[in-house]
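Values reported hereafter were calculated over all heavy atoms of this structure, with side chains retained and with hydrogens, waters and symmetry mates removed. Just so you know, ligand 1 is whichever comes first in the structure, and atom 1 is the first atom listed for that ligand.
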Amino acid sequence: MGSGKGYGKTILFGEHFVVFGLPAIASALGSYTKAEVRVVEGKGWEVIDQRLATPGYKEKKYDEAMQSIKNVIEHMNIDVGCQKLEITFSGDLIAASGVGASAAQATSLARAINDSFTLMLDDEKINEAAYEGEKAYHGTPSGIDNTASTYGGLIWFVKNLKGGKNIIEIPQSGKKMPLVIGNTGITASTVEVVADVRKLKEANPVRFEKIFSVYHSLVIDAKVALLEGDAISIGKLMNQNHKLLQDIMVSGELNDILVDIALTHGALGAKMTGTGRGGLVIALAENEEVQNKIANAIEAEGYDAWKTMIG
Ligand code: MEV
């Protein structure tokens with residue numbers, strides 16, 4: 001048997017912008033998906049999905065998950081004509097829109113296959129296999145989710161739009177900061193939302209150019225603030241990033257409601273994270289007391305809230 005982990009992620013800055021070659025910053029979460037691969041008699045593969053999930057998530061993503069698993073197996077050249085893979089997914093990452101659940105699944109599978117067949121692949125190759133899996137979920141993923149899932153920690157990521165190597169830096173943050181993740185409970189389709197943004201951009205090129213330019217200086221400032229551990233500036237920049245995401249029409253009503261709850265309960269900054277139109281929001285807190293306050297306020301309104309540290 002082989003096993004492997006893929007970490008969940010949260011995008012601190014730059015979802016959607018990253019698809020167009022702008023830099024983005026993500027942080028891997030401590031929670032992960034674990035894959036176990038057993039080679040048994042037969043052919044093909046079978047999945048036992050024991051991950052905890054937001055209601056409806058697994059059903060909505062079922063076809064994409066099956067295609068993703070197929071992509072990873074094929075990319076890794078595993079012959080399933082004369083042997084069968086029994087694949088079990090588990091772990092403490094709750095599968096939800098926005099937490100990098102698809103990337104964590106693909107990464108954990110790539111690592112488990114690597115382990116099971118003693119392929120000796122390095123992280124770069126694992127990341128490439130996980131990216132193939134992500135294609136089933138995103139169509140044309142930027143690659144930031146699988147990169148955060150593979151490498152862990154903080155990631156500065158710039159997609160190479162010409163198809164060459166992406167820029168991946170692992171900055172060392174000045175300090176660990178408490179974060180709250182609020183779950184709208186809505187599962188969004190990344191393919192659809194990414195396609196909508198592209199259409200909107202094509203219809204409004206000048207407006208998008210301005211938004212991209214504002215975002216570009218924002219993300220440079222965010223990198224500096226993260227390196228310095230300057231939580232106040234990071235919070236302000238998160239708020240500005242959320243406004244830009246509203247401008248490109250990817251924040252949903254519930255995202256905005258959860259962001260407001262977080263801000264009125266002391267968050268230094270808050271924004272939607274990931275695909276948007278549902279999924280998750282993140283809120284930065286100056287200490288654990290405020291973190292608890294924000295999480296309790298979100299839960300009091302009937303939404304799940306998780307606490308983690310970034311940096
Ligand atoms: C989804 O987690 C992040 C998006 O930017 C899509 C991508 O980067 O592929 C919306």
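Using a cut-off of 4.0 Å between Lys/Arg side-chain N and Asp/Glu carboxylate O, E41 and K84 are scored as not salt-bridged. Using a 4.0 Å cut-off between charged side-chain N and carboxylate O, K34 and E36 make a salt bridge. Salt-bridge annotation for K70 and E74: present, with a side-chain N of the basic residue lying under 4.0 Å from a carboxylate O of the acidic one.
Checked against ring pair (Phe, Tyr, Trp, His ring centres under 6.0 Å), F208 has the following partners two or more places apart in sequence or in another chain: F212. Remark: Y215 pairs with F17 by the ring pair (Phe, Tyr, Trp, His ring centres under 6.0 Å) rule, at least two apart or across chains.
For residues 266-286, the set of pairs meeting the salt bridge (charged side-chain N to carboxylate O under 4.0 Å, His left out) definition, not counting sequence neighbours, comprises E15-K271, D196-R277.
For a heavy-atom separation below 4.0 Å, the residues in contact with ligand 1 are K9, I11, E15, H16, V18, V19, H138, P141, S142, I144, D145, G274, T275.
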